[in-house]
Amino acid sequence: MTLRLDPPRRLGGIVVAALCETGAHGWRLPGALGAAGAKRPVAIVICTKDGIVAVDPQGQPLALADLEAAFPALRDRLEAAMPQDGG
């Protein structure tokens with residue numbers, strides 16, 4: 001599985017994005033091909049002018065440091081999507 005950040009969405013002065021685990025695989029059988037894929041959110045990340053917070057899909061807080069260790073571009077991608085005037 002691979003971690004991917006869905007495109008960040010701006011909502012007023014905040015940015016929200018889902019960090020998702022994705023995977024795909026294919027197989028061949030005699031006379032047939034098959035493929036399957038999966039995508040599941042592992043975190044909802046919210047960036048405001050005051051900072052970044054993350055929760056799991058059930059709303060429980062997550063350690064941002066753990067998410068950044070697993071997905072190093074997280075902070076840069078969110079901050080790049082923030083409005084330049086903060087609102």
Side-chain angles (χ1 to χ4, degrees):
M1 292 290 206
T2 302
L3 282 179
R4 297 188 188 277
L5 188 67
D6 280 359
R9 304 288 185 207
R10 269 204 271 187
L11 305 165
I14 67 170
V15 172
V16 178
L19 186 62
C20 297
E21 192 174 57
T22 63
H25 65 279
W27 59 90
R28 185 179 67 177
L29 300 171
L33 296 174
K39 179 179 179 180
R40 71 175 188 89
V42 294
I44 307 303
V45 188
I46 303 159
C47 182
T48 70
K49 62 181 172 71
D50 297 323
I52 300 173
V53 296
V55 295
D56 69 15
Q58 291 74 39
Q60 297 301 311
L62 294 171
L64 188 59
D66 293 342
L67 296 178
E68 288 179 306
F71 192 83
L74 180 65
R75 183 176 297 272
D76 290 340
R77 298 252 325 261
L78 290 168
E79 289 177 351
M82 279 295 289
Q84 295 305 307
D85 64 2

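Remark: D6 CG to T22 OG1 distance equals 9.5 Å, nearest 0.5 Å. The line from CG of L78 to OG1 of T48 is 11.0 Å long, rounded to the nearest 0.5 Å. From E79, atom CD reaches atom CD1 of I52 across 5.0 Å, with rounding to the nearest 0.5 Å. Atom-to-atom distance recorded for K39:NZ and T2:OG1 is 12.5 Å, nearest 0.5 angstrom.
The nearest pair of heavy atoms linking L62 to V42 is CD1-O, 3.6 Å. Summarising the geometry of P8 relative to A17, their closest heavy-atom pair is CA-CB, 3.8 Å, with the distance given to 0.1 Å. When all heavy atoms of R10 and M82 are compared, the pair lying nearest together is NH1-C, 4.2 Å. The two residues R77 and L5 have their closest heavy-atom pair at NH2-O, 3.4 Å. Across all their heavy atoms, L3 and F71 have their closest contact at O-CE1, 3.6 Å. In terms of heavy-atom proximity, C20 sits nearest to P41 at SG-CA, 3.9 Å.
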Original post:
Does the side chain to side chain contact (heavy atoms under 4.5 Å, CB included) test come out yes or no for L64 and L74, once each step is laid out?
Top reply: CA-CA 9 Å; L64 188 59; L74 180 65; 3.9 Å; yes

